[in-house]
Amino acid sequence: MAQRRSRRAGKDEPRRSLGPRARATRERLLEATAALLRERGLRGASVAEIARRAGTSAATFYQYFEDVDAATLELVRRAREAVPALLEAARGSFAGEAGLARARSLATRFFDLWDTHHAVLRIRDHAAEEGDRRFQRERRDAVRPLLEALAAHVRADAGDGLHPMAAASALATVLESAGAHHRALATLGIPREALIETSARLLVDTLA
């Protein structure tokens, strides 16, 4: 996880109403945090460096965030705002050519989500696996709507023999893993488009 601070990180920052100038400062701090996470990974971001890049001070950072983890959690929450678009792609039948097109759209949107928020989502998953309950909650809340949507298709269309949530979890794991690692897989000669097509056909084979 990004460098732990001496302050207790067990609470999310309190929400408060901010004026335009304060919102702009907060946005600069979040942008600087996101940039450092992309460049340096899990342990490369410090409050001092974030503040320097945002053109402000560490004292100002602490007016908005308890620590680097709190700023990272806000970025994770913003990444979760893409979930409704995923759910939109999951509506409707996955049967036939229209269903395959729908599956391709769902897989593409999943890959796009990971391309846009790769560093933040990797940090979320790493922290969740280490037992951080805040990041576990964010991961659960992000994936649950998609699991429920896919499980509904299993119940309606896939027939007997499949546990709906188990099948949905397996499909979501395929999508997430492919989306998270497609850049590394490209070095093995596996293009992004081929992974999207394969993921889409797995969706169709299971859900239709």
Side-chain angles (χ1 to χ4, degrees), residues 1-5 7 9-15 18 23-56 58 60-89 106-147 172-186 192 195-196 199:
M1 202 45 230
Q3 291 181 4
R4 300 286 179 180
R5 308 291 149 226
R7 302 184 180 204
K11 299 179 181 178
D12 293 339
E13 56 170 319
R15 297 289 181 178
L18 301 176
R23 286 199 300 270
T25 299
R26 190 172 186 272
E27 286 301 311
R28 290 202 311 274
L29 290 166
L30 286 170
E31 290 169 4
T33 302
L36 277 170
L37 294 176
R38 286 193 300 269
E39 294 170 14
R40 301 184 184 180
L42 301 178
R43 295 179 175 82
S46 68
V47 169
E49 180 64 11
I50 291 169
R52 186 189 69 78
R53 290 202 179 195
T56 186
T60 298
F61 177 95
Y62 285 119
Q63 291 178 17
Y64 298 94
F65 303 104
E66 187 175 20
D67 52 19
V68 176
D69 288 357
T72 304
L73 274 167
E74 177 61 25
L75 293 170
V76 169
R77 293 184 185 111
R78 292 188 177 191
R80 183 152 52 94
E81 293 173 1
V83 170
L86 295 177
L87 298 180
E88 183 65 30
L106 175 57
T108 298
R109 293 183 190 192
F110 216 99
F111 277 55
D112 290 345
L113 170 65
W114 272 90
D115 285 346
T116 303
H117 302 286
H118 185 268
V120 169
L121 294 177
R122 287 292 300 274
I123 289 170
R124 179 201 68 184
D125 290 353
H126 181 82
E129 289 168 4
E130 286 190 333
D132 190 309
R133 291 185 178 180
R134 298 166 303 163
F135 287 91
Q136 287 176 343
R137 183 169 60 250
E138 288 297 328
R139 178 178 167 82
R140 180 198 64 211
D141 290 348
V143 74
R144 177 177 286 170
L146 180 62
L147 292 181
T173 300
V174 168
L175 287 169
E176 187 168 71
S177 180
H181 300 293
H182 75 84
R183 293 177 184 175
L185 293 171
R192 182 180 192 268
L195 285 169
I196 289 174
S199 299

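FYI, the numbering just counts along the sequence from 1. Computed over heavy atoms, backbone and side chain alike; hydrogens, waters and symmetry mates excluded.
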Can you find a heavy atom in the side chain of [X] that is under 4.5 Å from one in the side chain of [Y]?
| X | Y | value |
| --- | --- | --- |
| R139 | E176 | yes |
| L195 | F111 | yes |
| V47 | V68 | yes |
| D69 | R134 | yes |
| D115 | R192 | yes |
| L75 | L37 | yes |
| L30 | Y64 | no |
| R77 | L73 | yes |

Quiz item: Does the side-chain contact (heavy atoms from CB on, under 4.5 Å) test come out yes or no for R124 and H117, once each step is laid out?
Solution: CA-CA 10 Å; R124 179 201 68 184; H117 302 286; over 6 Å; no

[atom2] on [Y] to [atom1] on [X], rounded to 0.5 Å:
| X | Y | atom1 | atom2 | result |
| --- | --- | --- | --- | --- |
| L86 | F110 | CG | CZ | 6.0 Å |
| E31 | R26 | CD | CZ | 12.0 Å |
| H182 | I196 | NE2 | CD1 | 7.5 Å |
| F65 | T33 | CZ | OG1 | 6.5 Å |
| R38 | I123 | CZ | CD1 | 10.5 Å |
| T60 | I50 | OG1 | CD1 | 13.0 Å |

Quiz prompt | Side-chain donor/acceptor of S177 to backbone N/O of T173, under 3.5 Å | solution = no

Quiz item: Is there a donor-acceptor contact under 3.5 Å from the side chain of R28 to the main chain of G55?
Solution: no

Considering all heavy atoms, the nearest [X]-[Y] contact:
| X | Y | answer |
| --- | --- | --- |
| L113 | A79 | CD1-O, 3.6 Å |
| Q136 | G131 | NE2-CA, 3.4 Å |
| A58 | A51 | N-CB, 3.6 Å |
| L36 | A45 | CB-CB, 4.0 Å |

Practice problem: Kindly determine whether R52 and E49 satisfy salt bridge (charged side-chain N to carboxylate O under 4.0 Å, His left out), including the steps that lead there. | Solution: CA-CA 5 Å; R52 186 189 69 78; E49 180 64 11; 2.7 Å; yes

Quiz item: Parallel under 30°, tilted from 30 to 60°, perpendicular over 60°: which one fits the rings of H118 and W114?
Solution: perpendicular

